[in-house]
A.B. asks: 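Starting off with a structure, shown below.
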Amino acid sequence: MHRTRFDVAPDPDLDPQLGLLLAMLDDGTAEWLEELGPASEDDIVWQPHPHGHSVGGVMLHIVDVEAHSLHHVAAGRPRDPQELKTLLSEETDQDGGRWPAPPRRPSAWYVAQHAAVSQRTHALVP
């Protein structure tokens, strides 16, 4: 199913800027999940070369960026050491092109990591 609506509308109950940010995050997530489609564990962990990116690595990085940027930097909340380990935060060097091997888990596990951070993001907004 392809989407026919590409704009996002902010939540009318929130400040327009915050409502738009949350709407864009949710819409972006829906788009990349739709583009990804069903993915096997082999698909998730495949790396084109040692230390290369993978679907799982990129998914964890997306989650990590949201948690770091919005929860830590913008909201001033400390990062949970266990979450940093789960998201491979310290091991991932996107700019240096060094990606760790992601854990062999079903795609639903990766989506759940994102959902947990997204839920916390929504809870940050009054």
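Quick caveat, the model's predicted, so the values are computed rather than measured.
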A.B. asks: Would you kindly confirm whether Val58 and Leu60 end up in one hydrophobic cluster when ILVMFWY residues are joined by side chain heavy atoms under 4.5 Å apart?
C.D. replies: yes

A.B. asks: To the closest 0.5 Å, what do you measure between CZ (Arg104) and CH2 (Trp109)?
C.D. replies: 13.5 Å

A.B. asks: Report yes or no: do Met24 and Ile62 belong to one cluster of Ile/Leu/Val/Met/Phe/Trp/Tyr joined by side chain heavy-atom distances under 4.5 Å?
C.D. replies: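 The answer is no; the residues belong to distinct hydrophobic clusters.
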
A.B. asks: Which atom names give the shortest non-hydrogen contact between Pro102 and Tyr110, and what distance separates them?
C.D. replies: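 Result for this residue pair: CB-OH, 3.3 Å.
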
A.B. asks: Please check if atom CZ in Arg77 has more than 12 non-hydrogen atoms from other residues, nucleotides or ligands closer than 6.0 Å.
C.D. replies: no

A.B. asks: Inspect the surroundings of CZ in Arg98 and state if more than 12 heavy atoms from other residues, nucleotides or ligands are less than 6.0 Å away.
C.D. replies: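 Atom CZ in Arg98 is not crowded, with 12 or fewer foreign heavy atoms closer than 6.0 Å.
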
A.B. asks: From Thr92 OG1 over to Leu84 CG, what is the distance, rounded to the nearest 0.5 angstrom?
C.D. replies: 11.0 Å

A.B. asks: Please report the shortest heavy-atom distance between Ala23 and Ala9, naming the atom on each side.
C.D. replies: CB-O, 3.5 Å

A.B. asks: When rounded to the nearest 0.5 angstrom, what is the spacing between NE2 in His68 and OG in Ser89?
C.D. replies: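 Spacing of NE2 (His68) from OG (Ser89) equals 9.5 Å.
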
A.B. asks: With hydrophobic residues grouped by side-chain heavy-atom distances under 4.5 Å, do Leu25 and Val63 end up in a single group?
C.D. replies: no

A.B. asks: Do other residues, nucleotides or ligands put more than 12 heavy atoms under 6.0 Å from His122 NE2?
C.D. replies: yes

A.B. asks: How long is the straight-line distance from CG of Asp27 back to CG of Leu22, given to the nearest 0.5 Å?
C.D. replies: 12.5 Å

A.B. asks: Nearest 0.5 angstrom please: Ile44 CD1 to Leu36 CG, how far?
C.D. replies: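 Ile44 CD1 to Leu36 CG: 5.5 Å, rounded to 0.5 Å.
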
A.B. asks: Restricting to non-hydrogen atoms, name the atom on Ser107 and the atom on Ala39 that form the minimum distance, rounded to 0.1 Å.
C.D. replies: OG-O, 3.6 Å

A.B. asks: Does any non-hydrogen side-chain atom of Leu70 lie less than 4.5 Å from one of Leu21?
C.D. replies: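 Leu21 vs Leu70: side chains touch.
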
A.B. asks: So if you build clusters from Ile, Leu, Val, Met, Phe, Trp, Tyr with side-chain heavy-atom gaps below 4.5 Å, do Leu33 and Val45 land together?
C.D. replies: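 Per the 4.5 Å side-chain linkage, Leu33 and Val45 are co-clustered.
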
A.B. asks: Does Gln47 reach the main-chain N or O of Trp99 with its side chain, forming a donor-acceptor pair under 3.5 Å?
C.D. replies: yes

A.B. asks: What heavy-atom pair brings Ala67 and Arg79 nearest, and what distance separates the two atoms?
C.D. replies: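 Scanning both residues completely, I find the closest heavy atoms to be CB-NH2, 3.7 Å.
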
A.B. asks: Report, as yes or no, whether the 6.0 Å neighbourhood of atom NE2 on His61 holds more than 12 heavy atoms from other residues, nucleotides or ligands.
C.D. replies: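 More than 12 heavy atoms, drawn from other residues, nucleotides or ligands, come within 6.0 Å of this atom.
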
A.B. asks: Asp64 and Leu87: which non-hydrogen atoms are nearest, and at how many Å?
C.D. replies: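 Nearest heavy atoms, Asp64 then Leu87: CA-CD1, 3.8 Å.
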
A.B. asks: Which heavy atom of Leu88 sits nearest a heavy atom of Ala101, and at what distance?
C.D. replies: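 Scanning both residues completely, I find the closest heavy atoms to be CD1-O, 3.9 Å.
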
A.B. asks: Side chains of Ser40 and Asp43 only: does a donor on one sit below 3.5 Å from an acceptor on the other?
C.D. replies: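 Short answer, yes.
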
A.B. asks: Could you tell me whether the side chain of Ser69 and the main chain of Val65 form a donor-acceptor pair under 3.5 Å?
C.D. replies: yes

A.B. asks: CD/Gln113 to OG1/Thr86 distance, rounded to the nearest 0.5 angstrom?
C.D. replies: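 Atom-to-atom, Gln113:CD and Thr86:OG1 are 6.0 Å apart.
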
